[in-house]
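Let me begin by presenting the structure, written as structure tokens, before commenting on it.
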Amino acid sequence: MGKRKVSIFLRSIIKLAYWKKRAFHGSNTESKYFWGDICKEKIKYIRNYTFNDINTLKIDPLMPYIDKSKEQYSNYWFSLSDGHTIEEFNALLSKENIDKLEDEGGACIVYTHFASNFVDNQGRLNKDFVKNIKYLSSKNCWFIPASTLLDYLLSQKQKHYASKMYLMKLDFKWVFDRIIKK
């Protein structure tokens, strides 16, 4: 997806050198790597942006949504809360953030890579990770797979299409979150 991930407006503003260096061919129907047809047929939910806020639903209240500009080869899109390294995971799932999520009555879908130092060279789990997970598990929450939450959210909505304005606002939230807040 590469630069096609963001709206045309944002693309025209940032034109990141990073995207010029990396080519993405999955959505190019002329490429031998094209897989949009398989994506549309087999994948119901596609992750989009990651944010530093624990309340994913507060950041992206429309999720899961359909992006009309990508509808031909995709179904529903959703956002995540960023915990892809042990440091980010522990910051995201701190006691304060867990309490904040509970107070807000929100929902969190965490994006992580357990290979990112969650276990030390001796095979021990990171101590802060263990503490945070124990605290989280002590809460009376609904712990479910992301697809179950997204199915539930989808069943509660009448509007499934995201407007261009909504997507542009999401783009700018993401840029702010990635560049300014990091």
Side-chain angles (χ1 to χ4, degrees), residues 1 5-7 10 43-67 70 74-182:
M1 186 69 56
K5 183 176 189 170
V6 297
S7 66
L10 189 57
I43 300 174
K44 185 173 183 179
Y45 300 113
I46 302 169
R47 81 164 185 92
N48 201 7
Y49 296 125
T50 58
F51 295 95
N52 291 316
D53 195 301
I54 193 167
N55 193 344
T56 317
L57 193 55
K58 180 179 78 178
I59 295 292
D60 186 358
L62 194 54
M63 70 175 189
Y65 59 83
I66 297 171
D67 180 341
K70 300 177 180 101
S74 67
N75 292 302
Y76 296 96
W77 295 82
F78 69 100
S79 295
L80 303 106
S81 295
D82 195 354
H84 80 274
T85 66
I86 187 62
E87 295 80 16
E88 289 169 317
F89 187 95
N90 284 333
L92 183 70
L93 271 79
S94 68
K95 180 184 183 305
E96 296 76 24
N97 278 344
I98 292 169
D99 291 343
K100 176 183 152 208
L101 179 65
E102 185 177 36
D103 291 344
E104 291 174 353
C108 179
I109 302 175
V110 179
Y111 169 75
T112 195
H113 288 286
F114 288 116
S116 297
N117 297 320
F118 281 75
V119 176
D120 66 19
N121 291 337
Q122 313 303 3
R124 294 178 301 242
L125 284 170
N126 176 278
K127 286 182 170 93
D128 289 332
F129 169 79
V130 171
K131 179 183 73 171
N132 291 339
I133 292 299
K134 281 184 179 179
Y135 183 71
L136 179 62
S137 68
S138 74
K139 297 293 188 173
N140 184 21
C141 298
W142 195 28
F143 299 103
I144 54 173
S147 61
T148 303
L149 175 61
L150 294 168
D151 285 344
Y152 172 77
L153 293 172
L154 191 60
S155 75
Q156 302 302 302
K157 297 182 183 301
Q158 301 220 338
K159 179 182 178 186
H160 301 299
Y161 286 94
S163 68
K164 288 181 181 179
M165 183 58 71
Y166 181 85
L167 295 172
M168 190 171 15
K169 285 180 182 177
L170 204 57
D171 286 345
F172 281 103
K173 281 184 192 179
W174 176 74
V175 167
F176 179 78
D177 198 66
R178 295 292 99 183
I179 296 171
I180 311 295
K181 287 175 75 177
K182 261 265 179 203

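The backbone N or O of L125 sits nowhere less than 3.5 Å from a side-chain atom of D120 that would complete a donor-acceptor pair. Here the side chain of N117 pairs no donor or acceptor atom with the backbone of T85 at under 3.5 angstrom. When atom types are taken as modelled, the side chain of T112 and the backbone of G83 share a donor-acceptor pair closer than 3.5 angstrom. Of the possible polar contacts, none joining the D67 side chain to the A162 backbone as a donor-acceptor pair under 3.5 Å is found.
For the pair K70/I46, no side-chain contact is recorded, criterion being any heavy-atom separation below 4.5 Å from C-beta on. Side-chain atoms of E88 and T50, non-hydrogen and from C-beta on, never get closer than 4.5 Å to each other.
Residues N126 and D128 approach most closely at OD1-N, 3.0 Å, considering heavy atoms. Between D53 and S81, the shortest heavy-atom distance links the atoms O-OG, 2.7 Å. Here the closest heavy-atom approach between residue L101 and residue A107 is recorded as CD1-N, 3.6 Å. Contact between I59 and K173 at its shortest, heavy atoms only, is O-NZ, 2.6 Å. In terms of heavy-atom proximity, I109 sits nearest to L149 at CG1-CD2, 3.8 Å. The minimum heavy-atom distance linking L153 with L57 is given by the pair CD1-CD1, 4.0 Å.
Considering NZ of K127 and CG of N90, their distance stands at 12.5 Å, rounded to 0.5 Å. Expressed to the nearest 0.5 Å, how far OH of Y76 lies from CG of D151 amounts to 9.5 Å. Interatomic distance, Y49 OH to W77 CH2, rounded to the nearest 0.5 Å: 9.0 Å. Taking CZ from F143 and OG from S137, the interatomic distance works out to 6.5 Å, rounded to the nearest 0.5 Å. In this structure, L136 CG and I98 CD1 are separated by 4.5 Å, a value rounded to the nearest 0.5 Å. Taken from OH in Y65 to CG in N48, the straight-line distance is 4.0 Å, to the nearest 0.5 Å.
Remark: H113 engages Y111 in a side-chain hydrogen bond (donor to acceptor under 3.5 Å, both in side chains) (not counting sequence neighbours). For Q156, the side chain to side chain contact (heavy atoms under 4.5 Å, CB included) partners are Y152, not counting sequence neighbours. In this structure F78 satisfies the ring pair (Phe, Tyr, Trp, His ring centres under 6.0 Å) test with no other residue, sequence neighbours excluded.
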Quick one: do C108 and T56 satisfy side-chain contact (heavy atoms from CB on, under 4.5 Å)? Show the steps, please.
CA-CA 5 Å; C108 179; T56 317; 4.1 Å; yes
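The closest side-chain donor-acceptor pair between D60 and Y166 falls under 3.5 angstrom.
Heavy-atom contacts from other residues, nucleotides or ligands closer than 6.0 Å to NZ of K139 number more than 12.
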